[in-house]
There are 2 protein chains.
Amino acid sequence: MRVSLKDVAVRAEVSIKTVSNVVNNFKHVTPATRQKVQQAIDELGYQPNLTARHLRKGRTGIIALAVPELENPYFAELAGAVIDAAARHDYTVLLDHTQGSRERELLVTQGFRARVIDGLILNPLELEAEDLAARADDTPLVLIGERSYDLPYDHIAIDNISAARAVVRHLLDLGRRRIAFLGSRGDRPSQPSHLRLLGWQAELAAAGVTADQALIGSVEGWSRADGAAAMAALLDAGQRPDAVFAYNDLVAIGAMRVMAERGLRVPEDIAVVGFDDLSEGRFGTVSLTTVSPDKQAIARLAVESVVHQLADGKAESATSGTAETQDATTGQPGRAGAPGRVGNGRAGREIDPGFRLVERESTLGRVRAATSG
Amino acid sequence: MRVSLKDVAVRAEVSIKTVSNVVNNFKHVTPATRQKVQQAIDELGYQPNLTARHLRKGRTGIIALAVPELENPYFAELAGAVIDAAARHDYTVLLDHTQGSRERELLVTQGFRARVIDGLILNPLELEAEDLAARADDTPLVLIGERSYDLPYDHIAIDNISAARAVVRHLLDLGRRRIAFLGSRGDRPSQPSHLRLLGWQAELAAAGVTADQALIGSVEGWSRADGAAAMAALLDAGQRPDAVFAYNDLVAIGAMRVMAERGLRVPEDIAVVGFDDLSEGRFGTVSLTTVSPDKQAIARLAVESVVHQLADGKAESATSGTAETQDATTGQPGRAGAPGRVGNGRAGREIDPGFRLVERESTLGRVRAATSG
DNA sequence: TCCCTCTTGTATAACGTTAGAAACAAGGGC
DNA sequence: GCCCTTGTTTCTAACGTTATACAAGAGGGA
């Protein structure tokens, strides 16, 4: 049988509240009493019932994290970072994955775990702005990932356009001219890959290079298989890019697989750059050059946002003070952007955790690699 | 303000209990009353407070899953499967990672999330039998993974020795003779990799091939970097294996990276087999042949074990009825082994979810590949 | 008509905790 | 010696739900 405060109280010959005071380290407890109670606690092996505590206090100490899919190592690594960041604030993480389904994302935001979580960190893929605007649940919510909504919720995301431009600029500097973008989703213009595609276009334009629409590879999703399919389609269409900027590392890895099958050498024939900096990318036959978002910072900032929202539900959270600077090759210092629309009693902030362009020569080729296009 | 049963009761002009009856779909409620209450619920947007419900019922609907590290795709994929399996039983998953630290594993088993989780699924790495034997917490516990303890807890794991023997037998059939095992941890004999090493030894012995101790590659951990280091060490020591059986896919991938750097061709010079069947392994420059544990089955069986333990804490759980058959190349039908020692009021079972040896020619070479040893 | 059963709904007491008020003892100033 | 203050402990009421016991009303058989 489980032992409660009452049992301890009986054993220590003291009131329930006194035991509670000892457990919660309240002042006004005589050392003698404290010791007597502590002894009873130890002897009985008392452990507080968190459910009851939370019912009383209105907080559960649990933060939910909802990502599209754990099978994607990026989200797995991010989840690990969030768990650690939450632990530093004495929070535990309830993990859910939405499979990139709008319905599941909707369900999560509308509090299907109602009253059992204190806050929610969500990486949406399909959710629309109106879905979020219609949200009735007042559980603190933080958004992470590329999708941006003009809504009063904190949003943690790196500057995807800048990151994409940095990649393209770098490839241009290396002498590449026919730079493909792999990972556009044609079906919906506001899809996550949109910003990276925009950055690709913008930087090419800035350099006076034509953004050849035929070099945009479409995908169904962003897995390795999708990357392979897109690369194969590109090659089958007769395209011969001298560089590939993939939406993420998984797409890049799938594409490289196809390149190997077709006898295209990386980086001699094609330079490849990914996004996410997965451990996986470092240990392929060639190491993948990639954009490395600071996952630790993302996790930390997201958790802090939730914690701050909980600390004072009415006042604006002040996360900007904790944003830190990255010593990034082409990075962005972490900065809190202009607050979004005010609503729900507080402002939504755009928070940039910063990124690094991790250059690994093996997929880039040394400076001025021969171009074949 | 959050709306409670009381608010609904007032609005529907009915007692609290009646509202509760409607919410819980109890019988003995007039259609008229039910409709009146339902309307009030809809109008007020009532959502039950799970914390309160759980305090009252003694169950939280949350299962904890503790794995060594989410960064390992195997555990990420497994976690995804567990989340889905739990959802089918209306359970939510609280995820934790122990970083392979004995202290954290100990903390988890001893109920640091006391009274907030209904059950625990743990994949231990460092935990000792005596740690588990001394466990005071009576929260249902299920163990998964290679480590086996003779203790009254359900244990879900494939037959590692059989799987390892199947791998080695297959390599022998292909004509390989100098088969290295990569991923032994020398420091502790009872470490997870032990069983696979035993299988390697046993099958070689059965085939009359000397198990050359020099072909055992030691690692610090089981990451890609560890695999690379172990492979490099083996080669630096002058060993020239014609096949490598790696403890897991990550180790295999790290090893293959080193092979590529040293100009060794896979599979022509060295055949490679891994363990876990990670998506990652399918998309390397070569597809990795691997042992594929049925992760869905592992997740399902683990969740079912917890659910059954909860269903009747005193009676023995009867998971054996649900074990299913695998159409496996070299697989083991899922079978419930002999129950372990009885204790704690119930028997601990060894449950085998089954595995498949997924043969991908690219890392094996066609039949009778030339041997260099 | 009375009593008994069956159905439906209501009051009340938990579950284990924390917060606030109230009670109690001890000590000091008048 | 009395009252007031200070420090410590106890008492009681929540938090929102479900479970148990019970009350009220309807219907049927004797």
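Since the structure is predicted, the reported quantities are computational estimates derived from the model, not experimental observations. Residue numbers begin at 1 in each chain, while the letters A, B, ... track the order of the sequences.
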Fill in: DNA chain C: 5'-proximal contact among Lys17(B) and Ala52(A) (nearest heavy atom)
Lys17(B)
Worksheet item: Should Ser15(A) be listed as having a side-chain N or O under 4.0 Å from OP1 or OP2 of dC11(D)?
Response: no
Discussion item. Does dG9(C) have OP1 or OP2 under 4.0 Å away from a side-chain N or O of Thr18(B)?
Written reply: no
Item to complete: Rounded to the nearest angstrom, tell me the gap between atom NE2 in His54(B) and atom P in dT18(D).
Response: 9 Å
Worksheet item: Over how many whole Å does the gap from Asp7(B) atom CG to dC15(D) atom P extend?
Response: 10 Å
Worksheet entry | Euclidean distance, atom CG of residue Leu5(A) to atom P of dC15(C) [Å, nearest integer] | 13 Å
Worksheet item: When you measure from the side chain of Asp118(A) to the backbone N and O of Thr60(A), does any donor-acceptor pair fall under 3.5 Å?
Response: yes
Worksheet item: Between dT10(C) atom C1' and Lys36(B) atom NZ, what is the distance in whole Å?
Response: 13 Å
Worksheet item: Hey, is the main chain of Glu126(A) close enough, under 3.5 Å, to the side chain of Glu105(A) for a donor-acceptor pair?
Response: yes
Item to complete: Would you mind telling me which of dT10(C), dT17(D), dC15(C) lies closest to the side-chain atoms of Arg53(B)?
Response: dT17(D)
Discussion item. Does dT9(D) have its OP1 or OP2 closer than 4.0 Å to a side-chain nitrogen or oxygen of Thr33(A)?
Written reply: yes
Practice prompt. Give the C-alpha distance, both sets of side-chain angles, the deciding distance and a yes or no for side-chain contact (heavy atoms from CB on, under 4.5 Å) between Val23(A) and Ile41(A).
Written response: CA-CA 9 Å; Val23(A) 171; Ile41(A) 288 176; 3.9 Å; yes
Discussion item. Would you say Ser4(A) places a side-chain N or O within less than 4.0 Å of OP1 or OP2 belonging to dG16(C)?
Written reply: no
Fill in: Distance, rounded to the nearest Å, where Arg56(B) contributes CZ and dT20(D) contributes P
8 Å
Practice prompt. Check whether any side-chain nitrogen or oxygen of Asn21(B) sits under 4.0 Å from OP1 or OP2 of dT8(C), and answer yes or no.
Written response: no
Worksheet item: Given atom CD of Glu13(B) and atom P of dT10(C), what is their separation to the nearest angstrom?
Response: 11 Å
Item to complete: Look at Arg104(B) together with Asp96(B) and state whether they make a salt bridge at an N to O cut-off of under 4.0 Å.
Response: yes
Worksheet item: Which residue, Val29(B) or Leu55(B), contacts DNA chain C at a nucleotide closer to its 5' end, judged by nearest heavy atom?
Response: Val29(B)
Discussion item. Output the rounded distance in Å from CZ (Phe26(B)) to P (dT20(D)).
Written reply: 10 Å
Discussion item. Is it true that, when you exclude Glu13(B) itself, more than 12 heavy atoms of the residues, nucleotides or ligands shown sit nearer than 6.0 Å to its CD?
Written reply: no
Item to complete: Compare side-chain N and O positions of Thr51(B) against OP1 and OP2 of dG16(D) and report whether any pair is under 4.0 Å apart.
Response: no
Worksheet item: Counting side-chain heavy atoms from CB outward, which of dA19(D), dT8(D), dG16(D) is closest to Asn49(B)?
Response: dG16(D)
Practice prompt. Establish, with yes or no, whether the OP1 or OP2 oxygen of dT18(C) is under 4.0 angstrom from a side-chain nitrogen or oxygen of Asn24(A).
Written response: yes
Worksheet item: How long is the line joining CG of Asn25(B) and P of dT8(C), in whole Å?
Response: 15 Å
